[in-house]
Peer 1: 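Take this structure, written in structure tokens, and hold onto it; I'll ask about it next.
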Amino acid sequence: MSAKKQAAYVTELLSSHHYAERMTGSWLDLVRYADTNGIHGDNHRDVWMYRDYVIDAFHRNMPFDQFTTEQLAGDLLPNATDEQRIASGYNRLLMTTREGGAQPKEYLAKYSADRVRNASTVWLGATMSCCECHEHKFDPYSLSDFYHFAAFFADIQDVAVGVQPQVQMPSRQQKEARVNLDAQITELQNRVMTQTPEIEAAMQAWALNLQAGLKDNAFGLATQHVAILEAWPDVSDEQKTAMAVYYRSIAPLLADARGQLIQAKKARETLEKQIPETLITRTQTPREIRILARGNWMDDSGLVASPQVPHFLEQLSVERRATRLDLAQWLVDRENPLVARVFVNRLWQQFFGKGIVRTADDFGSQGSWPTHPELLDWLAVEFRESGWNIQHVIRLIVSSDAYRRTSAVTPELRETDPFNDWLAYQSRYRLDAEFIRDNALAVSGLLVDKVGGRSAKPYQPAGYWAHLNFPTRKWQHDHGDNQYRRGLYTYWCRTFLHPAMRSFDAPTREECTVERPRSNNSLQALVLLNDPSFVEAARTLAAMTISEGGPSTETRLQFVFRRCLSRDANAEETDVLKALLEKQQQQFAAAPKQAHQLISVGQSAAPSNITPAELAAWTAVARVVLNLHEVITRT
């Protein structure tokens with residue numbers, strides 16, 4: 001591919017919302033995003049609008065300094081927009097508790113410490129968590145640095161124990177609809193409440209006509225209204241006004257307006273129920289933060305800590321009490337060398353499997369020395385000088401000769417550079433949990449490309465939530481398109497993470513996750529073979545193979561290989577799969593009930609023009625192919 005065509009292809013990929021979703025997944029690991037609060041009952045909370053903000057930020061290529069500022073202090077920006085307030089939900093992503101009997105003071109200390117651990121790791125690559133109880137043993141961070149850093153977040157309103165209040169955050173369309181409905185309701189109310197000459201004349205005629213039937217109150221009027229009508233028209237202005245109010249509520253001339261008003265109010269109530277809620281940062285008078293001896297939350301003998309950055313780094317120059325906005329601006333200041341280095345190192349890790357600094361969460365003395373220090377320095381400076389342009393750095397990385405190298409490695413290279421420190425070949429590693437399922441859905445044609453919105457609930461084993469209490473809950477998997485959304489949107493329950501995701505090493509997101517482990521165990525094979533999402537994907541892929549792969553077994557096998565692996569099957573692979581297919585065809589022909597049972601997995605309907613035995617046999621073949629190491633490995 002020519003350099004020009006490659007550049008155009010990179011531009012096309014970077015402009016995709018799916019690029020933004022890919023970047024968002026890594027960021028959500030860092031900021032410990034989840035749909036539940038994590039502690040005790042691990043109850044639901046609405047924070048998916050924060051995820052949408054991150055997707056949109058990466059899609060728009062928001063400068064990283066702005067991205068940083070809006071998350072740490074979006075609520076403190078002048079005339080903060082709804083998007084900036086949603087971004088400030090970063091400060092609320094930590095684990096909280098509703099447990100009865102929990103000590104509020106203890107949990108406020110926990111929340112405070114959590115924010116220090118997360119922010120310092122995400123932006124500084126610092127191990128400040130070591131300082132919660134003592135002086136850092138290796139780096140210059142001190143015990144007092146920890147609590148001075150915590151003081152930046154002391155203005156955040158937290159419910160120490162209990163439900164964290166959410167706020168409504170209507171979309172632009174919902175705001176417009178609310179304004180229009182309010183105007184309509186006001187106009188209709190004015191019509192119903194205004195005594196026009198036409199209404200006045202109709203009321204006079206109505207009152208006189210009713211006088212004849214007042215003796216036995218055949219019309220069921222209220223006593224006070226009967227008394228007024230008996231004296232009509234010789235009544236006071238006050239009585240006349242009271243009667244006018246009642247008459248307008250029944251006047252035939254206003255029947256249409258009253259009906260429209262009822263409908264408009266119902267529409268307004270419905271709209272209000274549809275407006276999503278989310279957690280955002282709301283401020284208060286900063287609570288007192290003390291330096292806790294050995295991290296003991298019950299010890300109030302320590303000095304009161306004011307907001308300050310680590311003592312050995314360039315200090316803030318503000319005369320008033322420093323804020324989270326000051327902290328954010330300090331992080332992305334030109335004099336701070338850490339943030340750019342930490343972020344570009346993570347980008348390198350994302351594209352090469354490991355960072356220039358292997359310990360992406362520790363840039364201190366116990367962390368790994370950069371394999372290419374000058375490269376890291378250059379990328380960091382380039383990132384900052386480009387206006388914190390994330391896509392600019394990504395272009396540099398993916399256009400490099402190092403990135404474009406093959407992952408096929410010769411014995412000589414493996415012996416010379418066993419850990420690929422010198423990037424003689426591209427890295428090969430298993431896909432992350434979300435993308436393994438995404439890939440299966442994509443090759444089967446089931447993947448739904450909808451971007452953003454609430455979390456989705458794919459199939460999950462029955463009873464998996466049986467021990468989730470306070471209150472007890474039952475997993476209800478989604479139907480329709482939500483069932484086939486990308487793994488990025490899978491409902492993230494910290495204590496009972498989706499088992500297929502957990503099997504492939506997805507983190508619970510109780511803490512910041514800088515790099516996921518990659519294990520290799522038998523449970524993963526069981527997931528790929530038996531999880532309903534993968535069985536359904538295999539069956540759909542099998543139907544596609546039969547209908548589009550040609551008339552012969554050989555062409556169909558080549559079709560499924562090209563679909564899943566972007567290459568042809570070799571002779572040995574073809575022989576193995578042909579033997580498997582023949583065996584499965586015989587078995588399912590002899591056991592039609594088992595064939596029907598297999599092709600009935602999942603909510604999508606099996607095609608009626610393929611015999612169950614044939615579809616089941618090819619489903620077995622597709623299951624094997626989707627289980628191949630090569631299918632779930634980035635090469």
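All residue numbers refer to positions in the sequence shown, counting from 1. Note that the coordinates shown come from a computational prediction; the quantities given were computed from them, not determined experimentally.
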Peer 1: Between E83 and R60, does any NZ, NE, NH1 or NH2 come within less than 4.0 Å of an OD or OE carboxylate oxygen?
Peer 2: no
Peer 1: Run the numbers on R509 and D29 for side-chain contact (heavy atoms from CB on, under 4.5 Å), then give the verdict.
Peer 2: CA-CA 6 Å; R509 290 181 178 160; D29 278 0; 2.9 Å; yes
Peer 1: The criterion is side-chain hydrogen bond (donor to acceptor under 3.5 Å, both in side chains); which residues satisfy it with S301, sequence neighbours excluded?
Peer 2: D299
Peer 1: Any salt bridge (Lys or Arg N to Asp or Glu O under 4.0 Å) pairs touching residues 307-320, not counting sequence neighbours?
Peer 2: R320-D326
Peer 1: Kindly determine whether D438 and R22 satisfy salt bridge (charged side-chain N to carboxylate O under 4.0 Å, His left out), including the steps that lead there.
Peer 2: CA-CA 11 Å; D438 290 354; R22 173 65 183 91; over 6 Å; no
Peer 1: Which heavy atom of G453 sits nearest a heavy atom of Y489, and at what distance?
Peer 2: O-CD2, 4.4 Å
Peer 1: Tell me whether the centres of the aromatic rings in F149 and W123 are closer together than 6.0 Å.
Peer 2: no
Peer 1: Does the plane of the ring in F383 sit parallel, tilted or perpendicular to the ring in F64? Use 30° and 60° as the thresholds.
Peer 2: tilted
Peer 1: Could you tell me if the side chain of L313 sits less than 4.5 Å from the side chain of W330, heavy atoms only?
Peer 2: yes
Peer 1: Can you check side-chain contact (heavy atoms from CB on, under 4.5 Å) on R178 and L181, steps first, answer last?
Peer 2: CA-CA 5 Å; R178 186 160 60 182; L181 283 170; 5.9 Å; no
Peer 1: Going by the rule side-chain hydrogen bond (donor to acceptor under 3.5 Å, both in side chains), which residues pair with H148 if we only count those two or more places apart in sequence or in a different chain?
Peer 2: none
Peer 1: Holding to side chain to side chain contact (heavy atoms under 4.5 Å, CB included), I want the full list of residues that pass it with L143, two or more places apart in sequence or in another chain.
Peer 2: E135, Y147, I291
Peer 1: Considering only heavy atoms from C-beta outward, does the side chain of T283 approach that of L76 to under 4.5 Å?
Peer 2: yes
Peer 1: Any salt bridge linking K105 with D300? Criterion: basic side-chain nitrogen under 4.0 Å from a carboxylate oxygen.
Peer 2: yes
Peer 1: Which residues satisfy the salt bridge (Lys or Arg N to Asp or Glu O under 4.0 Å) test with K450, sequence neighbours excluded?
Peer 2: none
Peer 1: By side-chain hydrogen bond (donor to acceptor under 3.5 Å, both in side chains), which residues pair with T508, not counting sequence neighbours?
Peer 2: E510
Peer 1: Please name all residues satisfying salt bridge (Lys or Arg N to Asp or Glu O under 4.0 Å) with R294, sequence neighbours left out, ordered by chain then number.
Peer 2: none
Peer 1: Scan for salt bridge (Lys or Arg N to Asp or Glu O under 4.0 Å) pairs involving residues 62-75, sequence neighbours excluded, and state none if there are none.
Peer 2: D75-R324
Peer 1: Tell me whether the count of non-hydrogen atoms from other residues, nucleotides or ligands lying under 6.0 Å of CZ in F312 goes above 12.
Peer 2: yes
Peer 1: Measure up the Y491 and H44 rings against each other and bin them: parallel (under 30°), tilted (30 to 60°), perpendicular (over 60°).
Peer 2: parallel
Peer 1: Check this for me: does any side-chain nitrogen of one of E272 and R268 sit under 4.0 Å from a carboxylate oxygen of the other?
Peer 2: yes
Peer 1: Identify whether the distance between the nearest side-chain nitrogen and carboxylate oxygen of E269 and K265 falls below 4.0 Å.
Peer 2: no
Peer 1: Any sub-3.5 Å donor-acceptor pair from T69's side-chain atoms to A328's backbone N or O?
Peer 2: no
Peer 1: Counting only heavy atoms not in D481, do more than 12 sit closer than 6.0 Å to its CG atom?
Peer 2: no
Peer 1: At their closest point, which heavy atom of H136 faces which heavy atom of C131, and how far apart are they?
Peer 2: CB-SG, 3.7 Å
Peer 1: Which residues satisfy the salt bridge (Lys or Arg N to Asp or Glu O under 4.0 Å) test with E511, sequence neighbours excluded?
Peer 2: R117
Peer 1: Kindly indicate whether the side chain of L376, heavy atoms from C-beta on, has any atom under 4.5 Å from the side chain of R341.
Peer 2: yes
Peer 1: I'd like to know if the side chain of D52 and the backbone of M49 have a donor-acceptor N/O pair within less than 3.5 Å.
Peer 2: no
Peer 1: Can you list the residues that meet the side-chain hydrogen bond (donor to acceptor under 3.5 Å, both in side chains) rule with S16, with sequence neighbours excluded?
Peer 2: none
Peer 1: In a table with atom names and distances, give each donor-acceptor pair under 3.5 Å that connects a side chain of residues 30-38 to protein atoms at least two apart or in another chain.
Peer 2:
from, atom 1, to, atom 2, distance (Å)
R32, NE, D114, OD1, 3.2
R32, NH2, D114, OD1, 2.5
Y33, OH, D35, OD1, 3.2
Y33, OH, R51, NH1, 3.4
D35, OD1, S455, OG, 2.9
D35, OD2, S455, OG, 2.9
D35, OD2, W492, N, 2.9
T36, OG1, D42, OD1, 2.7
T36, OG1, D42, OD2, 3.3
T36, OG1, R494, N, 3.0
N37, OD1, N43, N, 2.5
N37, ND2, T96, O, 2.8

Peer 1: Do the side chains of D478 and R454 get close enough for a salt bridge, i.e. N-O under 4.0 angstrom?
Peer 2: no
Peer 1: Take D139 and S365 through the test side chain to side chain donor-acceptor pair (under 3.5 Å) and record every step on the way to the result.
Peer 2: CA-CA 6 Å; D139 294 334; S365 61; 2.8 Å; yes
Peer 1: Please state whether the rings of W27 and F67 are parallel, tilted or perpendicular, taking 30° and 60° as the class boundaries.
Peer 2: tilted
Peer 1: Would you tell me whether R92 and Q164 have side-chain atoms, one donor and one acceptor, within less than 3.5 Å of each other?
Peer 2: yes
Peer 1: Write out all pairs satisfying salt bridge (Lys or Arg N to Asp or Glu O under 4.0 Å) with one or both partners inside residues 354-363, taking only residues at least two apart or from two chains.
Peer 2: R358-D421
Peer 1: Check whether W297 forms a cation-pi arrangement with K110 (NZ or CZ under 6.0 Å from the six-membered ring centre, at most 45° off the ring normal).
Peer 2: no
Peer 1: Which atoms form the tightest heavy-atom contact between I394 and Y19, and what is the distance?
Peer 2: CD1-OH, 3.4 Å
